Every structure is written in structure tokens, then in C-alpha cells.
Amino acid sequence: MRGVTHAKWAVCAMAAGLAATACGGGDSGAGGADGIVSSSWGDPQNPLEPSNTNEVQGGKVLDMLFRGLKRYDSKTGEAKDMLAEKIDTTDSVNFTVTVKDGWTFSNGEKVTAKSFVDAWNYGANLKNNQKNAYFFGYIDGYAQVHPDKGTPTAKTLSGLKVVNDKTFTVKLSQKFSTWPDTLGYAAFSPLPQAFFDNHDAWLSKPIGNGPYTVESYAKGSKLAMRRWDGYPGSDKAQNGGVDLNVYTDNNTAYTDLTAGNLDLVDDVPASQLKNVQADLGGRYINTPAGIIQTLAFPYYDEAWNTPDAVKVRQGLSRAINRRQITDTIFQKTRTPAKDWTSPVLGVDGGFSDTLCGDACEYNAAEAKKMITEGGGIPGGQVKISYNADSGSHKEWIDAVCNSINNALGNDTACVGNPVGTFADFRNQIGQHKMPGPFRAGWQMDYPLIQNFLQPLYYTNASSNDGLWTNAEFDKLVDEANAETDSKKAVETFQKAEEVVRDQMAAIPLWYQNGSAGYSDRVTNVALNPFSVPVYNEIKVK
Amino acid sequence: MGRYVIRRLLQMIPVFFGATLLIFLMVNVMGDPIAGLCGDRQCDPATAAQLRKEFGLDKPVWQQYLTYMGSVFTGDFGTAFNGQQVTELMGEAFPVTIRLTVVAIVFEMLIGITLGVITGLKRGRPVDTGVLLLTLVVISVPTFVTGLILQLLLGVEWGIIKPAVSPEAPVNELIVPGLVLASVSLAYVTRLTRTSIAENARSDYVRTAKAKGLPRRRVIGRHLLRNSLIPVVTFIGTDIGALMGGAIVTERIFNIHGVGYQLYQGILRQNTQTVVGFVTVLVIVFLVANLLVDLLYAVLDPRIRYA
């Protein structure tokens with residue numbers, strides 16, 4: 001050891017340094033119909049299984065890999081038949097589903113009625129820990145395979161029966177006329193036998209029946225999808241494939257896009273919205289998505305659950321200058337809310353830009369009056385809780401509080417209450433420990449007005465985090481679900497929504513847009529109502 | 001020296017257990033991680049309970065810790081929430097971060113020590129003042145500023161590098177991120193070396209060596225530098241661990257899927273298994289690096305001996 005001198009290791013180090021040379025340059029590869037689109041991606045939180053994926057990153061993969069009975073139109077959001085030849089019902093409880101012929105999985109296996117029934121039974125079974133299990137909650141026998149407590153007493157849903165290769169029947173536990181329209185959600189995708197035979201192998205390289213197949217999947221870094229030439233559907237991929245690259249930060253993805261190394265970024269970071277016009281020109285998309293941001297209230301707290309508190313909530317709603325906040329903080333990537341649904345539903349689907357009316361219009365004087373009439377803010381101060389780890393929640397919560405404080409002429413009337421992580425935030429909400437209103441984002445599962453109301457405001461519904469309860473609302477929702485005429489159903493849902501308005505169960509803030517940017521190498525880029533790029537329609541120059 | 005090494009290794013055991021226990025408790029204090037798994041909605045209670053059971057989160061913390069440590073010694077670091085083995089995550093992340101750290105350390109040693117020697121020998125001259133000012137600037141500018149500016153200039157404006165490192169993270173793509181990561185430490189190494197050299201340049205043994213008529217290169221290389229490097233080696237040694245764990249900012253900016261990124265994800269998702277697993281390995285790296293530094297003292301200065 002004595003002989004080792006500094007000179008020696010310095011030389012070694014130098015060699016290592018010299019061996020490395022910087023390099024740069026754009027992507028090479030085929031263009032045209034075989035061109036590969038490179039797109040930014042975030043690491044999916046859960047394993048990629050149809051009934052276990054509940055966030056947008058995993059969802060976009062399933063959207064490329066699977067086709068279900070229904071599919072939502074990429075422009076209008078309307079549920080259209082995909083693998084379903086027909087779905088019949090006479091009583092809104094018993095449905096007969098006929099599956100189209102000629103569909104296969106990419107491994108050659110036929111898609112049959114059994115592919116659906118097996119997949120749904122797997123998704124519903126408590127033993128499989130599927131996070132989307134509640135989607136099967138309307139099917140008869142759900143309580144046996146997925147009890148609230150204890151172990152399942154059945155392995156399969158009693159409401160599902162395979163009649164023959166092409167047909168299966170579904171019995172629901174309650175009337176639900178628009179149930180077929182929910183079937184476009186990824187959780188209802190069919191699964192091949194290969195999924196059940198070798199689950200681990202399937203997870204490392206999923207096999208579906210969509211326009212793409214998985215070429216390679218390096219978890220946490222890159223998923224390479226290629227066009228499946230044997231795809232029988234009408235929405236064939238217009239490109240050779242899509243490479244989803246995981247980025248540690250959406251700012252880096254955006255930088256890579258501007259440097260010409262990436263074709264598509266489907267989440268333009270808020271900090272770059274100022275530059276996006278200069279950087280991308282017309283290659284920037286900013287379209288409405290089925291996402292609404294609201295402020296929910298803790299109705300388990302006596303102070304917020306008094307008859308007078310309605311006035312306070314309405315007053316708070318009127319004290320928020322939505323237009324100013326969406327324009328300045330969000331650079332118009334949000335639209336001030338006029339109801340509790342989303343513009344992507346369309347007027348026929350139940351969206352109304354007059355439903356909230358005055359209650360969502362900014363009026364400082366009126367706001368102050370209403371809050372005083374309602375007995376003032378419970379506890380003298382509103383504390384709005386949010387998770388500080390992601391998004392730009394702090395900025396807009398502070399702005400909302402500013403707006404309220406200005407309206408009331410009191411600097412401490414409203415303060416933000418940051419919670420460190422999203423998990424802890426959800427944790428506190430779940431334990432009903434919120435000290436005041438809290439941010440509640442809702443991203444639709446399927447473009448139905450039902451999905452914007454029932455899960456959020458129905459008594460004890462899955463996402464009714466504030467424990468709001470109203471008999472009139474519940475009754476109207478039940479009626480709407482039982483209504484076989486979809487137009488009448490939508491009208492009844494809107495009546496229910498009026499109850500939400502009159503009680504100001506939650507304050508609607510704004511509708512969120514999807515924002516994306518793309519390179520000049522690709523064309524025909526669009527976002528669907530779920531703010532996911534329509535990958536199969538992207539064309540490479 | 002053998003006995004010294006053994007004693008040091010034995011001392012590592014309580015440090016190791018203490019550190020892991022602390023991390024384990026800290027992550028646990030943050031609350032129930034399952035709550036965040038279902039997105040902006042409540043997990044249904046039955047599934048949540050089932051998941052809690054699967055990850056062992058339904059047991060008391062001390063029992064979780066014991067089970068965890070038990071399986072760690074059999075090489076099982078548990079499962080991350082996305083279904084991947086933590087060992088698998090480590091296998092992907094550590095090689096990348098080690099490459100990044102090596103690049104950074106090489107920069108620190110090459111540039112830092114060279115500049116340190118030059119300025120130390122030319123105290124008060126314009127070169128010295130210039131470098132001192134420069135290091136002051138580097139130290140005072142936060143890493144993410146340096147990183148983002150270099151990324152914008154080299155990656156977007158001039159197109160010399162790719163702004164984002166590819167998942168395989170080859171060494172050539174890690175040069176700029178390595179330089180950014182090394183920048184602050186590099187400035188410290190320069191300053192440490194400078195002071196040390198300047199101090200020792202006036203010492204008796206250097207005067208003797210000069211008086212013997214030894215060539216200047218030999219005086220500086222063999223006599224002056226060797227003695228002056230002790231504080232520098234200490235710094236670089238402890239810096240290895242700091243660089244590996246502290247690369248979060250650099251890794252985020254340059255899209256490097258290394259230890260920093262995995263730790264960040266793990267903390268965000270409150271994934272105890274990932275966080276504790278990675279920190280455990282980092283603790284070991286830190287301890288071993290420190291031991292090596294202490295052993296290097298004897299090589300640099302034979303007067304330092306270990307019983």
C-alpha cells in the first residue's frame with residue numbers, strides 16, 4: 001500500500017473522465033405509418049391490472065392495451081358499443097350482453113363472454129386486493145365476494161352468468177338504467193386466460209385486446225408499445241407504436257420536448273404555462289377534461305352542520321373570485337365552475353352553465369352579508385386543508401383565502417392548512433379529522449352526470465368524504481337511476497344537483513382542462529375527455 | 001491494523017440498527033400509507049384492510065420493525081406498492097447513482113485538487129483571487145439553479161447534450177449532471193486543498209526537500225501534497241455518502257432514475273419498505289466510506305498508526 005501514490009489514482013480517474021464524451025442530437029427512426037411516438041409518462045402507482053389501476057398514468061396504458069364492451073368517444077365522451085353487439089334490458093336490473101365475433105387477444109386467444117365474466121369476478125373478489133373492486137358493486141352478489149368485514153363467502157358474483165360463447169347475463173342489485181354506459185371504464189376490460197394461468201408473467205408483460213401490444217416493459221423507466229397488426233377493431237393505430245418514458249419531473253419532460261427529444265408531453269407544468277405559446281406555438285392543447293375542483297365541508301363537525309351554515313357556505317362561495325384565480329394562477333387552464341359536473345358531459349349529458357347561478361358569482365358585499373346572516377364563520381376562521389406535496393394547491397388555496405379575506409375585510413378569516421403528503425391528507429380525510437373545508441378534486445370515471453353526483457354526495461357513498469347527507473337528494477338519485485329513459489334520467493339528476501346547490505353541499509371552484517404539448521414531428525394530437533392523449537390517432541410525419 | 005478494523009466493524013452494528021430504527025419510526029409517524037393508494041377517493045375499507053395485512057401494516061410498529069429486520073438479513077427487502085421487489089428497485093437504481101457519484105467524485109478530485117494546488121502555491125496572485133471568487137459563486141448558487149441553467153443552455157439552446165438522461169444512464173450522459181452534483185463539493189475541495197497547501201508550503205520538511213535539491217514536481221507531489229491531502233480525503237470520503245443520498249435534486253432535474261428518485265417516490269407514497277431499504281444501504285455505504293477514509297490516513301501519513 002505504501003507504493004500507491006496520488007499520481008496513480010489521478011491517472012485512473014482521468015482515464016474514466018476521458019472515456020466519456022458528451023453527445024446530443026435528435027431522435028432517429030422511421031417516420032410515416034411506422035413512426036414511433038415518444039411520450040412522457042409518470043411511474044404508475046399500482047401494478048398494471050384493469051381493475052387495480054385507478055390513476056391516470058396506468059390508465060393511459062390500459063387505454064392502449066384494452067378495448068371493452070363500450071368505448072367513450074374521444075371527442076364527445078359518448079359511450080359507444082365496442083365489443084358489445086348489444087346490451088338488452090327490459091327492467092334496468094337484468095341485462096343480457098352479447099359480445100361481437102371475431103375479436104381476439106394479441107396472443108391469439110378468442111375474446112368470449114367468459115373473458116369478461118372471469119375478469120369481473122377476479123376484480124370483485126376481495127382476495128385479489130383490487131383497488132377498483134367497487135366498480136362491480138352494483139352487480140348482484142358483490143357483498144358475498146367483497147364483504148365489508150371478514151372473509152368472502154363466495155368466489156364469483158352470483159349476478160354474472162355465461163350463457164354461451166357470445167352471451168352473458170348480468171343481474172344488478174338495484175335499478176341502474178345507465179349502467180351499460182359505465183362499461184367503457186378500464187376496470188370492465190376482458191382478460192385472457194394467460195392472466196390467470198401465470199399472473200406474474202402477465203404483469204411483467206401485459207397482454208390485451210387493444211390496438212397496441214407491449215414490446216418491452218422496464219418498470220419505472222420505459223414501456224414500449226407497438227402497433228398490433230392483427231387488431232380487429234376500427235380504431236387501428238395510425239403510428240408504429242408509442243414509447244412511454246418515465247420522467248422524474250414534468251419540467252424535465254417539457255425541457256426535453258423543447259429540445260426536440262420527445263414528441264408528446266401530456267402534462268405541461270404550471271410554471272411553463274407562461275412560455276408555452278412562445279415555445280410551441282400552435283402545438284399546445286388546452287381542452288376541457290372531466291375534472292372538477294371543489295371545496296368540501298366536514299359535516300361531521302357540528303359547527304358546519306347547522307341550518308344556518310347553509311348561508312355561510314353560500315356566502316363563502318360568493319366570496320371567491322373564480323375568474324381572477326383561473327386567469328392569473330392557472331393561466332386559463334381552468335374554467336370557473338357554473339355547476340357541479342363538467343362541460344365534457346355536454347348539455348344533453350347534464351352539464352348546465354346556469355345551474356349554480358348567482359351562488360357561484362363573485363360578489364363581495366353580498367358574501368359578507370350572507371355570512372353575517374348565517375351567524376358568521378364557525379370558530380371565527382376557515383381553515384382550508386390541502387396536500388402540499390404536489391400540484392400547485394398552495395398557490396390557489398392562498399388565492400382563495402385572499403379573496404375571502406378581502407371580501408370579508410378580515411385578514412385572518414381564511415387560512416390555508418397544508419398537509420405534508422397526499423397519503424397523510426387522504427388519511428386525515430378518511431379519519432374525519434378535517435378542521436374545516438378541504439380541497440376535493442374529482443376526476444370522472446365515465447362521462448355520466450351520475451358519476452359527478454352519486455359517489456360524492458349520496459349518503460355514505462364511496463367518496464362522500466364530508467359525510468353530507470340529504471334525504472331529498474338520495475331519493476332523486478334513486479329515481480334517476482331507475483329511470484329507463486336516459487333523457488328523463490339526466491333531468492332527474494339535475495334536480496338532485498339543485499338540492500346540492502340549495503344546500504351548497506360543496507363549493508364548486510373550476511373545471512380543469514387537460515394540457516399537452518407536442519413536437520413538430522407528430523400531427524393529429526388530441527386529448528380525450530379524460531385528459532389522456534388519443535394515442536392511436538397520432539400520426540408521425 | 002486488523003484489530004482496529006474489527007473494532008470499527010463492530011461499532012457499525014449499533015449505528016446500523018439505530019439508524020434503521022429511526023428511519024422506520026419516522027416513516028411510520030407520517031400515517032397510514034394505504035390511504036393515499038386510491039387517489040382522490042376513499043379506499044373501500046375491506047380492500048384497505050386486506051392491503052394493510054399484506055404489507056404487514058396492521059401489526060404494532062415494533063413488530064413490523066422486527067419482522068422487517070429479520071427478512072432484511074435473509075436478503076428480502078419487501079415489496080413496493082407497485083408490486084416490485086425493493087431489491088429489484090435497488091438493482092436498477094444503485095448502479096445508476098454509483099455511476100453518477102463516481103463521475104462527481106472524479107470531478108471533485110481532478111478539478112478540485114488541481115485548482116487547490118495551483119491557488120495554494122500562488123497565494124494572493126490574480127489566479128488565486130479569481131478561483132476564490134469563482135468558488136464563492138459556486139457555493140452560494142443553489143444546485144438546482146446551476147442544474148437548470150446548464151440544462152437549458154447545453155441541452156435546449158446549444159444542443160450539446162440531451163436535457164434528460166435515458167433510463168440506462170450511460171456515463172457520457174452523466175457528465176453534466178455529475179458536474180452539477182459535484183459543483184458545491186468541488187468548491188469546498190478547492191478551498192480545503194488551497195488552505196492546506198498554503199499552510200504546509202512553509203513547513204520545515206518542504207524547505208528541507210527543496211534544500212536537498214529535489215525537483216519541484218517531486219517536492220510538491222510527494223512531500224507537500226501527500227500531507228496536505230488528509231483533510232481533503234476526509235471530506236471526499238464523507239461526501240460519497242452525501243452525494244449518493246443527496247442526489248435527489250440533480251436526479252430530478254436530469255431525469256436520472258437513481259437512488260434519489262426512488263427515495264423521493266418512496267417518501268411521497270409513504271412506502272416504508274422502499275425508504276427503509278434504500279436508507280439501510282446508504283447507511284452501510286456511509287459507514288464503509290468512513291472506515292476507508294480512516295484507513296487511508298495511514299497511507300498518506302505513516303506517522304498515523306492504528307493499534
Side-chain angles (χ1 to χ4, degrees), chain A residues 1-2 4-7 10 13-14 16-17 19-25 43-47 54-55 126 129-131 133-134 146-149 203 218-222 245-249 252-253 255-256 258-259 261 389 420-424 426-427 430 440-443 455 462-463 465, chain B residues 30-33 35-47 50-51 54 81-84 89 92 102-103 106-107 109-110 151-152 155-156 159-164 167 171-176 221-222 225-226 229 251-257 261 264-265 267-270 299 302:
Chain A
M1 263 175 119
R2 286 274 280 123
V4 182
T5 65
H6 71 283
M14 183 105 76
T21 44
C23 76
D43 195 15
Q45 192 172 14
N46 302 311
N54 56 4
E55 37 76 57
L126 177 58
N129 297 336
Q130 301 291 293
K131 292 173 196 84
Y134 62 91
H146 200 110
D148 286 342
K149 281 196 183 79
L203 281 185
K219 275 186 187 162
S221 53
K222 185 176 178 177
N245 300 311
V246 173
Y247 278 85
T248 50
D249 188 18
T252 313
T255 311
D256 229 7
T258 50
N261 295 325
D389 59 348
T421 63
F422 179 67
D424 196 22
R426 286 303 318 172
N427 201 16
W442 179 254
Q443 169 146 29
S462 58
S463 290
D465 290 326
Chain B
M30 291 163 74
D32 180 9
L37 274 187
C38 293
D40 260 322
R41 70 176 89 221
Q42 200 70 31
C43 280
D44 80 274
T47 310
Q50 181 87 2
L51 284 168
E54 189 179 298
F81 288 148
N82 67 357
Q84 266 181 297
L89 288 176
E92 286 160 16
V102 168
V103 172
V106 167
F107 273 123
M109 293 195 300
L110 276 184
Q151 186 186 40
L152 188 70
V156 181
I160 301 170
I161 59 158
K162 284 191 182 180
V171 174
N172 57 0
E173 290 184 12
L174 291 177
I175 292 187
V176 175
R222 188 95 189 170
L225 192 57
R226 195 158 150 175
L229 275 185
E251 293 194 353
R252 254 185 91 97
I253 293 174
F254 291 99
N255 189 39
I256 301 168
H257 299 248
Y261 171 62
Y264 176 78
Q265 288 277 55
I267 291 169
L268 217 57
R269 292 175 182 174
Q270 270 180 251
V299 180

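All values derive from a computational prediction rather than experimental measurement. In what follows, every chain begins at residue 1, and chains take the letters A, B, ... in the order their sequences are listed.
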Task: Engaged part of A:P455 at the chain B interface, taking heavy atoms whose separation is under 4.5 Å - done: neither
TODO: Measure B:I256 against the heavy atoms of chain A and call it side chain, backbone, both or neither at under 4.5 Å.
DONE: backbone
Task: Shortest non-hydrogen contact from B:L174 toward B:V103 - done: O-CG1, 3.8 Å
- [ ] Identify which part of B:I267 has an atom lying under 4.5 Å from any heavy atom of chain A, answering side chain, backbone, both or neither.
- [x] backbone
Task: Interatomic distance, B:R269 atom CZ to A:N46 atom CG [nearest 0.5 angstrom] - done: 8.0 Å
- [ ] Decide yes or no for A:V246 and B:P167: does some side-chain heavy atom of the first lie under 4.5 Å from some side-chain heavy atom of the second?
- [x] no
Task: chain A contact via B:F81 - side chain, backbone, both or neither, heavy atoms under 4.5 Å - done: both
Task: Inter-residue atom distance A:D256.CG - B:K162.NZ, 0.5 Å rounding - done: 8.0 Å
Task: Residue B:F254 versus chain A: region with a heavy atom under 4.5 Å - done: backbone
TODO: Decide side chain to side chain contact (heavy atoms under 4.5 Å, CB included) for B:Q151 and B:V176; before the verdict, give the C-alpha distance in whole Å, the side-chain angles of both, and the deciding distance to 0.1 Å.
DONE: CA-CA 8 Å; B:Q151 186 186 40; B:V176 175; over 6 Å; no
Open item on the list: Using every non-hydrogen atom in the two residues, find where A:Y247 and B:Y261 come nearest and quote the distance to one decimal.
Closed with: O-OH, 4.3 Å
TODO: Before giving the answer on side chain to side chain contact (heavy atoms under 4.5 Å, CB included), spell out for A:D249 and B:Y264 the whole-Å C-alpha distance, their side-chain angles and the decisive distance to 0.1 Å.
DONE: CA-CA 11 Å; A:D249 188 18; B:Y264 176 78; over 6 Å; no
Task: Closest heavy-atom pair and its distance - B:A164, A:T252 - done: CB-CG2, 4.0 Å
- [ ] Check each atom of B:I253 against the heavy atoms of chain A and say whether the ones under 4.5 Å are side chain, backbone, both or neither.
- [x] backbone
Task: Heavy-atom pair count under 4.5 Å with chain B, highest-scoring of A:N54, A:L126, A:T248 - done: A:T248
TODO: Select, from A:G420, A:A440, A:S221, the one with the greatest count of heavy-atom pairs under 4.5 Å involving chain B.
DONE: A:S221
Open item on the list: Heavy-atom cut-off 4.5 Å, strictly under: side chain, backbone, both or neither for A:D465 against chain B?
Closed with: side chain
TODO: Pick one of side chain, backbone, both or neither for A:T421, based on which atoms fall under 4.5 Å of a heavy atom in chain B.
DONE: side chain
TODO: Select, from A:P147, A:A253, A:G441, the one with the greatest count of heavy-atom pairs under 4.5 Å involving chain B.
DONE: A:G441
Task: Side chain / backbone / both / neither for A:P47 at chain B, heavy atoms under 4.5 Å - done: both
Open item on the list: Under 4.5 Å from any heavy atom of chain B, what part of A:Q45 do you find: side chain, backbone, both or neither?
Closed with: both
Open item on the list: Contact between B:H257 and B:L89 at the side-chain level, heavy atoms closer than 4.5 Å - yes or no?
Closed with: no
Task: For chain A, the option from B:A46, B:G155, B:P45 that forms the most heavy-atom pairs under 4.5 Å - done: B:A46
Open item on the list: If you compare all heavy atoms of A:N129 against all heavy atoms of B:L51, which two are closest, and at what distance to 0.1 Å?
Closed with: CB-CD2, 3.9 Å
Task: Contact origin within A:D43 toward chain B - heavy atom pairs under 4.5 Å - done: both
Open item on the list: Looking only at heavy atoms and a cut-off of under 4.5 Å, which of A:K219, A:K222, A:E55 has the most pairs with chain B?
Closed with: A:K219
Open item on the list: With a 4.5 angstrom heavy-atom cut-off, is it the side chain or the backbone of B:E251 that approaches chain A, or both, or neither?
Closed with: backbone
